Amino acid sequence: MSLYPEYKGMNLPAIDQEMLQWWEENRIFDKSIEQRPADKRWVFYEGPPSANGMPGIHHVMARAIKDLFCRYHTLKGYRVERKGGWDTHGLPIELSVEKELGITKDDIGKSISIEDYNIKCRETVMRYKAEWDDITRKMGYWVDLNNPYITYENDYIESVWFLLEKLYDKGLLYKGYTIQPYSPAAGTGLSSHELNMPGAYKEVKDTTVVALFKVIQNDQAAFLFDDANEDVRIAAWTTTPWTLPSNTALSAGPDISYIKIKTSNPYTHTPVSVVLAEALVPNWFGGKNQSTVEGQSAAFKGSQLKGIRYEPLLDFGNEIEPLLGGTDAYLVLTGDHVTTSDGTGIVHTAPSFGADDQRVAKANGVGTLTLVDQTGKFKENVGPYSGRYVKDYKDEPGYVAVDIDIAVQLKLEGKALNVQKYEHNYPHCWRTDKPVLYYPMDSWFIKSTACKDRMIELNKTINWKPAHTGEKRFGNWLENLQDWNLSRSRFWGIPLNIWRTADGSEEKCIGSIAQLAKEIDAANLALNLSQEVPGDLHRPFIDEITLVSSNGQPMKRESDLIDVWFDSGAMPYAQWHYPFENEEKFWQNYSADFIAEGVDQTRGWFFTLHAIATMAFDSIAFKNVVSNGLVLDKNGQKMSKRLGNAVDPFKTITKYGADATRWYMLSNAQPWDNLKFDEEGIVESTRKLFSTLYNTYSFFALYANLDKWNADDAGVMPVDQRPEIDRWILSRLHSLIDAYQADMDDFDVTTACRRIEVFVNDHLSNWYVRLNRRRFWKGELSDDKRAAYATLHECLVVVSQMISPVAPFFSDWLYRSLTAYSGKHPESVHLTDLPSPSHDLLDEALLRRMDYAQHISSLILSIRKKEKLRVRLPLRRILLPVLDDRFQSDIDQVKELILSEVNVKEIEYITDTAGMVSKKAKANFKTLGKRLGKNMKVAADIIQALDQDAIARFEKGGELSITVEGQDYTLEREDIEVISEDIPGWQVAFEDGITVALDVTLDDELIAEGTARELVNRIQNLRKSSGLNVTDRINVKVEALEGIESAIKQFGDYIKTETLALSLVTDSTIGTKVEWMDGEEIGISIER
RNA sequence: AGUCUCGUAGCUCAGUUGGUUAGAGCGCUACACUGAUAAUGUAGAGGUCGGCAGUUCAAAUCUGCCCGAGACUACCA
């Protein structure tokens, strides 16, 4: 039986299958947690996905990141539990249900009961759970899906209520109203999500008006008036004339320069003075059909306009509605939102219909007018406009635009400077296609602004990858924090746990089911009811609960649901049903050491976690966070079902295997950069890493099995006695472990992956294995051979450990192939401990020596190439100018490797290079630049021009004086780089300060040896193609072409040893014709 | 519109505190090597480092403006 299984070919998808089954049968995931100490935890939070959509390739990316850092920390000995979770509430689910049932929000509670509707939502939300479970398994994402948290469960909701009550008790919950996008046609508010749906913004042509607001003459406004009878008006532009009746203020930019223009009204032709921004005068005067400037005042700042009062533009005698108690109106305010990019530099302000408007109004004690109702038509007290729709919301036949009628009225009354059509982008309701109206809506808010400073402070203690997402994107977001609008007037979500009396005089926030039960009992008693705590805390059941106030009034629940983002931000607590259960478990798992999601979650989950942790616990919810970019298609386009460029993760994994897919995604680009997903890249990863490792393993297994070499055998010589090259690759390996851990500890997986690729390809495969092949297949199991086996075995095992976080399947397959025979190793790579780098093995000098060897070999090969001297043809000597003593002793230790690699007999050192080697001097800009400054350029030229003698003197003395622009400088050794450029009469190559020369003269012996090597190659090829075994002995006959006899005479024994030939004779009559040199053919026959 | 990220070879990406021949892999071409063979080596072709200006003796690197791609926020008279 073989110690190391041998395989016919690499099949990554098959390895996935095999390992998956084996993991499951042997509970490897469970063991990877149980076997780690319970008091050494590394805490991970799963950001819950929603199972109401199919998983995409970007989910594979995001989850690979989560998975790999968890696996890595397991390797480092931590206990990493991964509780899964499902996000189950939210608008997307409701919308998909509405669509499926063919209903709108209006129908809910009418044609379908809320109860039935929510049942449907509950079903829908887990629609693709099977697919999600499948991709989780197939991509190798280890997460506990047997005990997930589910946001719709009563326990979860109860914990959320607890948190909300906690905030309520701190005075952080309040009811207010804000301006929100609202669709009168659909009768519902719109979320920003809905506004961002494709096609929501449309180009529309609206009637715009520059309205003229008549200034009231008083002390403050005196500077605007030249005489008591002057008609001074402030010009303000609007694209929504229907909001003009609701105007209560004007806004100017405090630093904008304004001016008063004397002109006459273009419609009534009466003289008027118009105030507007100086920069915008040309937009409104002097053009075709425009008034002309008849005179103008000096310019003045917007701040001077502040407080100036004007007459209502369209007065229908309505009372000003208070905003935060403020009822002032009809005056000029200043605000930073005012620009001169269009309009007049003065903004018509209707606080009920614009978010900016409302903000400045509130800040200045100004009230509002809400003259439009929720159906989108004017209320009954708006004169001739009463009852008319402000936009054509009902597809009325013969609908007449109110905007036009208002414009006409203003024109007639001399209150308009300009009326025209204007094309601009305006949001529309995605469902009704009608323009959105910004409308004041009642909402519950979390006063997050109150905790803003603390959030900023705590954010500085969080390690963000990449840093700029935390400092800039998230940091700026916190700086500009607004209160968190918690309300959603929907049906499927966590109900707001606040009950109020009808007059709002008393309210209660319920923080637990027990408290609810107590309150219900009290209410039952006081109001003679027989209510019970509902079995399901969702609507509609919770809506039916009436509580009672201290003075016996009934209290109804505020009808809103809470923002689903609060659900997910509550997961650190709610996943354990804290504080009602699992108190200890919770504290063991708070805060998270690590979370990871897409960068789009910055304002989403990352924020809600942080906000709740700050506000409720004055702490952070996570210590390290990796935010990854998007996965785009290979052309950099966003993937979408519509464009048909979405990559199917199932197909991809089935075709290439999970590991190659994961490896590609993480090694190709930093996770936080967008990834242009190209299948070709997976193929490349397969070739570069997995095939190379597979080949290296196969090579090892082939010979180790023949020799029955067992890695558990303790008789292998200690590392410090092994050959130079063994110590070298182990030194490389251990410096790799060191660097790898530093990268991974810093959450930089891409750099770690690339390091491993370099090691596996360049160092292990292309250098170590290639140079050592003979040691593996030559002769019996010697000590040297055992050293080679042990060295390669260690490299492969440790590599399997290091790649295991990213490539969990292949790594375990490789690890088990290498270790499973003995039973003395952990059964899976995922149960091993990552070795610490052994500092005894780190040897800088050794690495440097081998770098020289590789470098010099490459230079020799390039000379051979240039001279058309094939490598099988041996050459006499290499000439090496010695830079210093260390260089010579370095080369001496790797001499044999170089000589055998390039097939040359000897290296000669030239120590006294003067006269032999021509040199060149180059300035060291780095050291000289600082000292010489402006003279640097001239000095560089002087140094460049130094002749051989000058360079020799400098090398001897170590100093050089030069004069530039009358300034003397003494240059030290470090200031000048001396390069050996040429050895006259020799074939030379140089690079990076190393120069080598090659003696290319040939003699009979060299030619004969070269011929012998060619012969060995042909015989071996023939052996192989004849299907002979590596160990078969043969008899060889060759055709006696020119040079063959001589080669056999001088090197016959060598040829026989190499080819395992018992006999070797010339015979020109028989044999297979094979290609020989220079287009000739040669007959060779071999027999067993 | 604002904030942030990105822009280097045909493609995917490196590029240290600014320092003088801007690199690697893939792909392409040619020639080699190979009892690891769907691998490997050497060489060649391929760059206005998105553009413009500035700071500096010196800019892919620092600053400003602009262009392009993307994300988020906002949508405003």
Side-chain angles (χ1 to χ4, degrees), chain A residues 9-10 181 192 195-196 201 208 236-240 243 250-251 337-339 341-350 354-357 424-427 438 466 468-469 471-477 479-480 598-600 602-604 629-630 632 634 636-638 667-670 672-676 678 680-681 683-684 687-688 691-692 694-700 702 750-751 754 757-758 761 765-766 769-770 773 776-777 857-858 861-866 868 870-872 922-930 932-940 1017 1020-1021 1023-1024 1028 1030 1059:
Chain A
M10 186 179 71
S192 57
L195 237 49
N196 281 331
Y201 281 84
T208 65
W237 183 61
T238 179
T239 56
T240 52
T243 60
L250 293 170
S251 301
H337 65 291
V338 182
T339 68
S341 59
D342 46 23
T344 61
I346 293 166
V347 177
H348 144 62
T349 300
D356 280 342
D357 301 23
H424 64 146
N425 258 325
Y426 197 84
Y438 288 85
H468 57 75
T469 299
E471 285 163 19
K472 303 283 184 67
R473 187 185 274 228
F474 193 62
N476 290 349
W477 164 256
E479 293 289 344
N480 300 317
V599 68
D600 53 327
T602 309
R603 270 86 159 176
L630 284 105
L632 308 168
K634 64 176 174 180
Q637 296 291 308
K638 210 173 167 178
S667 66
N668 185 67
Q670 296 285 1
W672 37 86
D673 289 334
N674 289 347
L675 174 69
K676 291 181 192 166
D678 187 355
E680 285 301 314
V683 175
E684 194 178 322
R687 247 200 339 252
K688 238 156 88 176
S691 290
T692 309
Y694 170 82
N695 283 333
T696 307
Y697 168 76
S698 300
F699 174 83
F700 166 84
L702 174 67
T750 306
T751 306
R754 290 173 179 174
E757 281 178 352
V758 168
N761 266 297
S765 173
N766 289 337
V769 173
R770 194 159 56 85
R773 274 171 300 181
F776 289 91
W777 52 262
S857 299
S858 155
L861 290 172
S862 99
I863 297 173
R864 276 184 171 276
K865 157 77 187 162
K866 206 160 59 192
K868 296 195 195 312
R870 42 183 59 198
V871 180
R872 286 199 200 94
K922 209 176 90 181
N924 182 346
F925 282 82
K926 208 165 186 171
T927 60
L928 285 175
K930 286 191 193 96
L932 302 197
K934 274 198 177 70
N935 294 331
M936 184 65 218
K937 250 187 184 127
V938 183
N1017 168 252
Q1020 294 290 38
N1021 285 346
R1023 274 179 68 107
K1024 194 180 175 188
L1028 293 178
V1030 179
T1059 59

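This is a predicted model, so every value here is computed, not measured. Within every chain, numbering begins at 1; the chains are lettered A, B, ... in the order of the sequence lines, protein sequences first and strands thereafter.
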Taking atom types as they are modelled, would you say the side chain of [X] forms a donor-acceptor pair with the base of [N] within the 3.5 Å cutoff?
X	N	answer
A/Arg864	B/A32	no
A/Lys926	B/U17	yes
A/Ser765	B/A36	yes

Using the side-chain heavy atoms of [X], tell me which of these nucleotides is nearest: [options].
X	options	result
A/Asn674	B/G25, B/U20, B/G70	B/G70
A/Asn766	B/U3, B/A39, B/U40	B/U40
A/Arg770	B/A36, B/G25, B/G19	B/A36
A/Leu630	B/G70, B/A58, B/G27	B/G70
A/Ala355	B/C75, B/C76, B/A14	B/C75
A/Lys676	B/A36, B/C4, B/U12	B/U12
A/Ala669	B/U3, B/G41, B/C13	B/C13
A/Asn668	B/C33, B/C13, B/U21	B/C13
A/Lys472	B/A58, B/G27, B/U5	B/U5
A/Arg754	B/U20, B/C13, B/A36	B/C13

Distance check: side-chain N/O of A/Arg473 vs OP1/OP2 of B/U3, anything under 4.0 Å? no
Report yes if at least one side-chain N or O of A/Ser858 is closer than 4.0 Å to OP1 or OP2 of B/U42; otherwise report no.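 The answer is yes; a side-chain N or O of A/Ser858 sits under 4.0 Å from OP1 or OP2.
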Heavy-atom nearest nucleotide on RNA chain B taken for A/Leu861 and for A/Leu675; more 5' hit belongs to A/Leu675
Please report the distance, rounded to the nearest Å, between CG in A/Asp356 and P in B/A74.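 Going from A/Asp356 (CG) to B/A74 (P), I get 12 Å.
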Find the distance A/Tyr694:OH to B/A38:P and express it as a whole number of Å. 11 Å
B/U61 and B/U17: how far apart are their C1' atoms, nearest whole angstrom?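 Those two atoms are separated by 11 Å.
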